[in-house]
Undergrad: 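Dumping the structure here so I can ask a few things about it.
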Amino acid sequence: MTVPAVSFHGVTKRFPGVVALDDVTFDVARGSCHAVCGENGAGKSTLGKVLAGIQEPDGGELLLDGRQVRFTSPRDALASGVAMVHQELAFCENLSVAENLCLGQLPSRRGFVAWTELQVRATQLLDTIGATIDPTRRVGTLSIAEQQLVQIAAAVGGGARVIIFDEPTSSLGQNDAERLFSLIGQLKAGGVTVIYVSHRMAEIFRLCDSATVLRDGRHVSTDPIAALDEGSLVQRMIGRRLEQYFPTHARAALGDEVLRVDCLTSPGRFTDISFTLRAGEVLGFAGLVGAGRSELAQALFGLDPHVTGDIYVRGRREPIRSPRAAMALGLGLVPEDRKRQGLILSMLARENTTLPILERLARLTFVRRGLERDLARTQTSRVKVRSDVLENATTSLSGGNQQKLVLAKWLAARSDILMLDEPTRGVDVGAKAELHTWIDQMAAEGAAVLLISSELPELLNLSRRILVLRGGRVVGEVPREHADQDTVLRMMAGLDAAA
Amino acid sequence: MHRSLLRSPSAGLVIVLLALGSILTLVAGSHVDPVSGATVNNFLNAHTLIQMATDASTFAIMGVGATLVIISGGIDLSVGAVYALAGVVMAMVLRGLGPMDAVSTVSIGLATCLMVAFFCGLANGVMVVGLGVHPFIITLGTMWILRGVAFVISHAESILVPAALTNVAKASLGLGGSLSPVPLLAMLAVAGLGTLYLTRTVMGRHVFAVGGNAEASRFSGLRVNRIRLGVFLWSGLTAGVAAFIGAGFYGSATSSDGTGYELYVIASAVVGGASLTGGKGSALSAMLGALLIVLIRQAIRTLHLDQNYEWIIIGTAMIFAVVLDQSGSKLLAKRLMNRTVSS
């Protein structure tokens with residue numbers, strides 16, 4: 001038996017309020033392409049970052065070629081031959097390709113950068129992966145695909161024998177993705193071990209030799225790809241049978257149309273989006289990352305100054321130019337990125353709950369504290385947050401509770417058109433189930449819900465209709481009765497239904 | 001209640017101030033007052049304490065304004081220049097108007113000071129928001145511009161202010177001839193109002209929100225630009241108040257007044273626990289920070305140390321105070337994290 005290229009042994013990583021990796025153990029064979037898959041928040045990216053030395057594990061050990069290693073920085077990892085190609089590309093955008101490629105060891109003579117040598121070395125690095133990019137160009141002027149090539153060149157040129165790709169196709173077009181796939185093939189042929197973090201079925205089955213499934217930070221399974229099919233892999237990622245996963249729905253009759261969107265366009269984000277939403281309805285939005293779903297929700301919330309087209313709220317045409325205007329019309333947005341857009345982590349939980357409506361709780365600009373406390377308590381109890389955490393720092397709350405705070409915020413604002421962007425991302429299973437029940441219940445009480453989710457089972461079970469977006473356009477509408485994972489996935493990815 | 005009081009950020013500063021004060025009282029020695037014949041401690045006497053409060057008041061009053069700016073995630077380097085310009089303009093206006101009754105002199109003087117300061121703050125705020133340039137750059141620019149304006153309009157002359165202003169700023173309020181508690185009271189009032197503003201009002205909460213996370217604030221419907229502009233108005237206004245008291249107290253205004261004050265002011269806010277990354281700070285603590293800096297200066301005099309060491313000691317103390325504060329909050333964060341994981 002050969003020694004695996006990489007072994008994870010009981011690797012554990014904690015973040016405040018959430019365990020991202022919990023005792024993860026598995027091996028990766030040398031020269032293979034190994035998929036790491038799972039739902040959003042399953043811990044895939046964290047696993048990659050731990051291996052690449054970006055994050056230090058809190059427990060467990062890493063073995064490279066059977067030898068234990070401990071990385072405290074990406075530099076350490078690279079010195080041992082491990083590199084990562086990032087989802088969000090990490091470059092000094094103001095510097096040239098050549099400088100970025102050699103940033104760790106700029107060639108120099110008596111402390112001055114040796115420019116000619118730098119160009120030569122950069123060109124050599126780019127040549128090894130067959131990339132034709134002018135090394136004198138500034139990285140900021142490169143396309144995403146080109147930047148990715150530079151990252152790969154840096155990894156290979158740095159002598160990496162293990163390369164981690166984190167969702168590498170999430171912002172690539174079809175042609176660029178194809179080129180990437182053949183490059184990965186070449187790397188493998190050259191003896192490089194590839195760890196491929198993704199949740200895209202087609203790519204995993206096409207590229208990888210084996211697949212590890214993570215769920216809620218735990219290792220679920222590692223199998224050769226030949227022993228798997230899409231169904232069983234998805235099953236493992238989700239973990240339960242779909243029927244058990246979701247509550248039974250109390251479906252009320254639909255009310256009046258509350259939101260109509262007509263030919264909404266924002267250059268470079270989405271084009272010609274039209275739909276209607278009725279009270280009591282949950283309208284799902286499916287699509288891959290970059291399909292324009294979050295951008296659409298933000299535009300409806302008055303956050304996109306470049307948007308054109310018409311928005312009708314309860315039959316009246318409304319130009320929504322700011323979040324304030326959107327709030328006044330009863331809209332609420334639970335944004336995609338809870339920590340960046342949803343919450344102010346330096347404030348108390350209570351203060352986050354009441355932030356949008358603080359003016360309504362004040363007399364002569366002085367906040368009426370009793371009123372504020374009562375309101376925070378009532379609204380957070382509706383989403384099942386214990387009231388004794390309200391005076392705690394928001395950072396000390398679990399992911400699930402943080403997300404519930406964002407919901408409570410819009411409950412307090414009495415929003416009845418709720419836009420939920422990935423509402424269950426990064427929350428634990430229990431909280432997830434509670435959030436699902438809550439969404440269902442809100443709709444039953446007459447709220448109109450616009451649900452964006454990358455978790456198809458969630459969309460399929462909660463929505464009455466699903467709109468599928470691809471490349472900023474609506475490419476299909478599927479009523480719940482006809483919706484299944486396969487149909488929606490194929491529409492999202494733009495694959496032929498018969499294929 | 002007691003626990004929350006002890007855990008408040010001001011508590012640590014109060015303890016440090018009291019400790020340093022006690023040490024000074026013990027080691028300062030005493031002298032015999034030639035008039036009353038009583039034995040007087042060289043440090044713990046009304047005269048020295050009020051003198052210290054007076055020294056601290058300028059930094060403390062402007063420190064409250066600076067704290068607002070810093071909590072919102074910004075910085076204001078122009079307060080020293082605003083202080084000078086407001087004082088100079090007031091002195092020139094009063095000189096131009098000629099002799100008036102005391103009430104008119106004081107009210108016109110105060111109004112002029114506050115107006116000048118308000119417009120300086122407005123200019124800062126409008127440029128920071130409108131031009132989208134970092135407040136460090138904008139206020140570094142206005143720091144020179146405003147002081148330059150003060151130089152040009154006053155021809156760099158020292159301008160006397162009417163005695164009515166001095167009578168107000170140096171009023172003894174029944175404490176006896178040589179004691180003037182007005183700067184002390186003004187400092188307490190501004191710190192009190194600042195605390196009220198930050199902890200109880202909608203605007204105060206919004207300042208914390210914007211400094212903590214501007215994007216999330218926008219997503220919550222806050223008018224981020226308006227809030228960012230507002231803090232510069234307050235910062236300007238506190239410089240106006242300080243200028244009014246300062247010019248009155250010292251009896252004149254010059255374009256070189258308040259040179260370098262901006263750094264003392266920022267130091268006061270930062271020693272008071274304000275975080276330059278925004279979202280954290282306290283008006284009361286900024287005042288305590290100013291008092292601590294002045295107390296350290298006083299210690300050098302009381303202990304007859306070489307005055308040339310003053311800046312070295314103050315610089316060291318400031319870095320020390322901030323590091324201590326930071327490691328304290330890191331410890332707290334770690335504790336919180338362990339608690340959530342174990343629960």
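Throughout, protein chains are lettered first and strands after them, A, B, ... in sequence-line order, and every chain is numbered starting at 1. Since the structure is predicted, the reported quantities are computational estimates derived from the model, not experimental observations.
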Undergrad: Got a sec: does the CZ of A/Arg218 have more than 12 other heavy atoms crowding it under 6.0 Å?
TA: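 No, the 6.0 Å shell around CZ holds no more than 12 heavy atoms from other groups.
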
Undergrad: Between A/Leu333 and chain B, with a heavy-atom cut-off of 4.5 Å, which part of the residue counts as in contact: side chain, backbone, both or neither?
TA: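 For A/Leu333, the side chain is the part near chain B, not the backbone.
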
Undergrad: Given a strict heavy-atom distance threshold of 4.5 Å, which part of B/Ser275 is in contact with chain A: side chain, backbone, both, or neither?
TA: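 Interface part for B/Ser275: neither.
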
Undergrad: Looking at A/Glu359 and B/Val202, what are the two nearest heavy atoms and their distance?
TA: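 Heavy-atom minimum between the residues: CG-CG1, 3.8 Å.
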
Undergrad: Minimum heavy-atom separation for A/Ile344 and B/Ser217, please, with both atom names.
TA: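 Minimum heavy-atom contact is CD1-OG, 3.6 Å.
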
Undergrad: Would you name the heavy atoms of B/Gly221 and A/Pro323 that are closest together and state the gap between them?
TA: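 Minimum heavy-atom separation between B/Gly221 and A/Pro323: CA-CB, 3.7 Å.
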
Undergrad: Using non-hydrogen atoms only, which part of A/Thr365 is less than 4.5 Å away from chain B: side chain, backbone, both, or neither?
TA: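 For A/Thr365, backbone and side chain are both near chain B.
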
Undergrad: So which heavy atom on B/Phe219 is nearest to which on A/Gln341, and how close?
TA: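 Nearest pair, atom of B/Phe219 first, then A/Gln341: CB-O, 3.3 Å.
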
Undergrad: Identify all side-chain donor-acceptor contacts of residues 59-73 of chain B below 3.5 Å with residues at least two apart in sequence or on another chain.
TA:
| from | atom 1 | to | atom 2 | distance (Å) |
| --- | --- | --- | --- | --- |
| B/Thr67 | OG1 | B/Gly63 | O | 2.6 |
| B/Ser72 | OG | B/Val69 | O | 2.8 |

Undergrad: If you count heavy-atom pairs under 4.5 Å with chain A, which of B/Glu215, B/Met203, B/Arg205 comes out on top?
TA: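 Of the candidates given, the most pairs with chain A belong to B/Arg205.
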
Undergrad: Measuring from A/Ile357:CD1 to B/Ser220:OG, what's the distance to the nearest 0.5 Å?
TA: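 Rounded to the nearest 0.5 Å, the CD1-OG separation comes out at 11.0 Å.
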
Undergrad: Does anything in residues 410-421 of chain A get under 4.5 Å of chain B by heavy atoms, and if so which residues?
TA: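 Heavy-atom contacts from residues 410-421 of chain A to chain B are A/Trp410.
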
Undergrad: For the CE atom on B/Met115, are there more than 12 heavy atoms of other groups (residues, nucleotides or ligands in this structure) within a distance under 6.0 Å?
TA: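 No - once you tally the heavy atoms of other residues, nucleotides and ligands closer than 6.0 Å, there are 12 at most.
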
Undergrad: I need the contact set between residues 366-380 of chain A and chain B: heavy-atom distance under 4.5 Å, sorted by residue number.
TA: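 Checking residues 366-380 of chain A against chain B gives A/Phe366, A/Val367, A/Arg369, A/Glu372.
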
Undergrad: To check you understand the geometry: which heavy-atom pair defines the closest contact between B/Asn213 and A/Arg340, and what is its length?
TA: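 B/Asn213 and A/Arg340 have their closest heavy atoms at ND2-O, 2.9 Å.
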
Undergrad: Name the member of B/Ala209, B/Gly212, B/Gly279 that forms the most heavy-atom pairs with chain A at distances under 4.5 Å.
TA: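 Most pairs with chain A among the choices: B/Ala209.
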
Undergrad: Can you say whether A/Thr354 sits under 4.5 Å from chain B via the side chain, the backbone, both, or neither, judging by heavy atoms?
TA: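 Side chain of A/Thr354 only, per the 4.5 Å heavy-atom cut-off to chain B.
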
Undergrad: Tell me, please, which residues at least two apart from B/Phe118 pass ring pair (Phe, Tyr, Trp, His ring centres under 6.0 Å).
TA: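 Partners of B/Phe118 by the ring pair (Phe, Tyr, Trp, His ring centres under 6.0 Å) criterion come out as none, since no residue qualifies.
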
